[in-house]
A.B. asks: 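Take a look at this one; I'll ask things after.
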Amino acid sequence: MNTVLSRANSLFAFSLSVMAALTFGCFITTAFKDRRVPVDIHVSKVMLKNVDDFTGPRERSDLGFITFDLSADILFTTCTSLNQVVLWDKIVLRGENTKLNLRDMKSKYFFFDDGNGLRANKNITLMLSWNVVPNAGILPLVAGSGHVSLPFPDAYEATKSY
């Protein structure tokens, strides 16, 4: 009655149950940890251009660039009223230096608005947030406690023609 396949199936089911319990234990030990840290952001330059959009005839869109300073220590342990965009990113691996102290960083990605909604916009807020990739469980989005608000210029920068 207890064939080799029956015993192998029992061993596999037991091992799978133990692994599931260990995975849940890894998840529960970090699920409710507060990962917020102080963030210091300073903007040194804001530039706004009006560029050809190429999505329609005679369409132009706003393109914004920011140069910023960032200081933080990130430890390992559709149309809405809120529009968000990623301006810069970095992957920090376990064991690497987690202290970020960046000066005169240019945005890796830029603001782009279909139309002219960036010019003279007074409500631009920069903040730092990050994901902590756990061994198991949910992928939390952690927001730093510091932020900076700034306006975009009222006029466009001159674009160079080549």
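The figures here come from the full heavy-atom set of this structure, side chains too, leaving out hydrogens, waters and symmetry mates. Numbering starts at 1 and runs along the sequence shown.
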A.B. asks: Could you tell me the separation between the CG atom of Asn121 and the CG atom of Asp154, rounded to the nearest 0.5 Å?
C.D. replies: 10.5 Å
A.B. asks: Taking the side chain as everything from C-beta on, heavy atoms only, tell me whether Asn50 gets closer than 4.5 Å to Asp62.
C.D. replies: yes
A.B. asks: Any chance you could measure Leu102, atom CG, to Trp88, atom CH2, to the nearest 0.5 Å?
C.D. replies: 5.0 Å
A.B. asks: Mark yes when over 12 heavy atoms from residues, nucleotides or ligands other than Lys108 sit less than 6.0 Å from its NZ; otherwise mark no.
C.D. replies: yes
A.B. asks: So which atom in Met127 and which in Ala143 form the shortest heavy-atom distance, rounded to 0.1 Å?
C.D. replies: CE-CB, 3.7 Å
A.B. asks: What's the shortest heavy-atom distance between His147 and Thr125, and which atoms?
C.D. replies: CD2-CG2, 3.7 Å
A.B. asks: For the NZ atom of Lys90 and the CE atom of Met105, what is their distance to the nearest 0.5 Å?
C.D. replies: 8.5 Å
A.B. asks: Could you check whether atom CG of Asp89 has more than 12 heavy atoms from other residues, nucleotides or ligands sitting under 6.0 Å from it?
C.D. replies: yes
A.B. asks: Out of curiosity, Leu16 CG to Leu11 CG, how far, rounded to the nearest 0.5 Å?
C.D. replies: 11.0 Å
A.B. asks: Is there a donor-acceptor contact under 3.5 Å from the side chain of Ser44 to the main chain of Thr67?
C.D. replies: yes
A.B. asks: How close do Leu141 and Asn131 get, heavy atom to heavy atom, and via which atoms?
C.D. replies: CA-ND2, 3.8 Å
A.B. asks: Minimum heavy-atom separation for Lys122 to Pro151, with atom names?
C.D. replies: CD-CB, 3.7 Å
A.B. asks: For the atom pair CD1 (Ile66) and CG (Leu87), what is the distance rounded to the nearest 0.5 Å?
C.D. replies: 5.5 Å
A.B. asks: Testing Phe65, Tyr156, Phe152 one by one against Met47 for a side chain to side chain contact (heavy atoms under 4.5 Å, CB included), which residue passes?
C.D. replies: Phe65
A.B. asks: Please give the remaining members of the hydrophobic cluster of Leu5, linking ILVMFWY side chains under 4.5 Å, ordered by chain and number.
C.D. replies: none
A.B. asks: Check for me, please, whether Phe32 and Phe27 land in the same ILVMFWY cluster - side-chain distances under 4.5 Å, paths through other members count.
C.D. replies: yes
A.B. asks: Which heavy atom of Ile41 sits nearest to which heavy atom of Leu128, and what is that distance?
C.D. replies: CD1-N, 4.0 Å
A.B. asks: Quick one: closest heavy-atom pair of Pro153 and Leu48, and the distance?
C.D. replies: O-CD2, 3.8 Å
A.B. asks: Answer yes or no: is there a donor N or O on one side and an acceptor on the other, between the side chain of Asp69 and the main chain of Asp104, under 3.5 Å?
C.D. replies: yes
A.B. asks: Between Ile91 and Val86, is there a shared hydrophobic cluster once you connect ILVMFWY residues whose side-chain heavy atoms come closer than 4.5 Å?
C.D. replies: no
A.B. asks: How long is the gap from CG on Leu70 to CG on Asp40, to the nearest 0.5 Å?
C.D. replies: 8.0 Å
A.B. asks: Hey, is CG on Leu139 packed in by over 12 heavy atoms from elsewhere, all under 6.0 Å?
C.D. replies: yes
A.B. asks: Report whether Val43 and Leu100 are members of the same hydrophobic cluster (ILVMFWY, side-chain heavy atoms less than 4.5 Å apart, transitive linking).
C.D. replies: yes
